[in-house]
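This is the structure I have questions about; it appears just below.
Note that this is a predicted model, so its numbers are computed, not measured. For this chain, numbers begin at 1 and follow the sequence in order. Note: hydrogens, waters and symmetry copies are ignored here, and every other heavy atom, side chains too, is used.
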Amino acid sequence: MALVAAPPTRPVRPARRGRGGAVGLATVPRPLPIRLASRLLPALALAACLAAPRAEAQIIPSIDVGVAGGVNFASLGDAAGLDFDGSTGYHIGAFADVSVLLFQARTGVYYLRAGDVQGEGEDGSISFVTVPVDFKLQTPTPILKGYVLVGPEFRFPLDGLDTFDTRSVNTVLNVGIGAGAGIPIVGPNGFLELRYAFDLTGIAADDAGTDQDVKVSLFMIRAGIGI
């Protein structure tokens, strides 16, 4: 009679004897990936909890207010026979910044004296109350930030010229570059800007009786400090 070989049997791990002499089944060790995952998951969860307030703080807008002012050098366009004759003006007012990550919007209210106008028997000054709305893109550096800006400005004339009526609102486009510096959280902070204001509509009213728009464009140097 032929002999049949018995199939190989899997070695049995000896049972472990517990407390009181009780015999229990041996514990099979978990694979290495599962053991690593069980150790890493608590650490990752803790890191996520610690990072959440920081990320939320970066997304929540911050608001800063302050005062600003500077000098401006005006030029007239579409205004034959009129000239500022090198007159230097100034502006002064208050601003508010709203920042989210690298983007910032700044608005404010300023008194702006453009300068004295001469020519064709005209002798007067032009001044406005202005409301700029600047949109800024700034560098991610912590203390000293460079930025570029662009945005509209709305001028409300206070003084005009006797030869024509002025429109109630004059629209301008501002472009510029600047640098801001400040210590996060504790401050103080400030900025310095070079700006150019392109007059889009002119100050002459549509029914002013002149075919000239009389556009007042300005090169401006502005400094501000937060309060």
Q: Using ring-ring contact (aromatic ring centres under 6.0 Å, His included) as the criterion, list what pairs up with F198, not counting sequence neighbours.
A: Y196
Q. When rounded to the nearest 0.5 angstrom, what is the spacing between CD in Q138 and CD in Q104?
A. 4.5 Å
Q.
Using the rule that Ile, Leu, Val, Met, Phe, Trp and Tyr join whenever any side-chain heavy atoms are under 4.5 Å apart, tell me whether L194 and L173 fall into a single cluster.
A. yes
**Q.** G70 backbone acceptor or donor facing R222 side chain under 3.5 Å
**A.** no
**Q.** Side-chain heavy atoms of V216 within contact of I126, under 4.5 Å
**A.** yes
(Q) Under 4.5 Å between side-chain heavy atoms, counting indirect links through other Ile/Leu/Val/Met/Phe/Trp/Tyr residues: same cluster for V109 and V65 or not? (A) no
Q) If two hydrophobic side chains count as joined below 4.5 Å and joins carry through other members, does L200 share a cluster with V133? A) no
Q. With no hydrogens and no angle check, is any side-chain donor or acceptor of T107 less than 3.5 Å from a backbone partner on P132?
A. yes
(Q) Determine whether Y110 and V131 satisfy the following criterion, side-chain contact (heavy atoms from CB on, under 4.5 Å), listing intermediate values before the conclusion. (A) CA-CA 7 Å; Y110 294 86; V131 180; over 6 Å; no
Q: Under the side-chain contact (heavy atoms from CB on, under 4.5 Å) rule, what do V150 and N174 come out as? Steps first, then yes or no, please.
A: CA-CA 5 Å; V150 63; N174 283 313; over 6 Å; no
Q. Does CD1 in I92 sit with more than 12 non-hydrogen atoms of other residues, nucleotides or ligands closer than 6.0 Å?
A. no
**Q.** Contact summary for L112 and M220, nearest pair of heavy atoms
**A.** CD1-CE, 3.7 Å
**Q.** F154 and V172, any side-chain heavy atoms less than 4.5 Å apart
**A.** no
Q) Which heavy atom in F135 sits nearest to a heavy atom in A105, and how many Å separate them? A) CD2-CB, 4.3 Å
Q | Atom pair CD1 (I177) and CG (L149), whose distance is rounded to the nearest 0.5 Å | A | 9.0 Å
Q) Sub-3.5 Å donor-acceptor pair from the side chain of N72 to the main-chain atoms of R113, do we have one? A) yes
**Q.** Minimum heavy-atom distance F95-A68, with the two atoms named
**A.** CD2-CB, 3.9 Å
Q.
Are R106 and Y147 packed together at the side-chain level, in the sense that at least one heavy-atom pair is separated by less than 4.5 angstrom?
A. yes
Q) Distance-only, no hydrogens or angles: does the T171 side chain make a donor-acceptor pair with backbone N or O of T201 under 3.5 Å? A) no
**Q.** Whether Y111 and Y90 hold their rings parallel, tilted or perpendicular, with breakpoints at 30° and 60°
**A.** tilted
**Q.** Reported CG-to-OG distance for the pair D64 and S99, which is rounded to 0.5 angstrom
**A.** 6.0 Å
Q: Determine the minimum heavy-atom distance between D116 and S125, stating which atoms define it.
A: OD1-CB, 3.4 Å
Q. What residues, two or more places apart in sequence or in another chain, satisfy salt bridge (charged side-chain N to carboxylate O under 4.0 Å, His left out) together with R195?
A. D134, E193
Q. So, D199 and N170: side-chain donor and acceptor under 3.5 Å apart, yes or no?
A. yes
Q. Closest approach of A74 and A114, non-hydrogen atoms and distance?
A. CB-O, 3.6 Å
Q: Might you work through the side-chain contact (heavy atoms from CB on, under 4.5 Å) test for T130 and F156, ending with a clear yes or no?
A: CA-CA 6 Å; T130 70; F156 303 89; over 6 Å; no
Q. Rounded to the nearest 0.5 Å, how far does CG of D213 lie from CZ of R167?
A. 7.0 Å
(Q) Pair I225, N189 - check side-chain contact (heavy atoms from CB on, under 4.5 Å), show working. (A) CA-CA 6 Å; I225 185 169; N189 60 79; over 6 Å; no
Q | Co-membership, hydrophobic cluster, residues F191 and L137, 4.5 Å side-chain | A | no
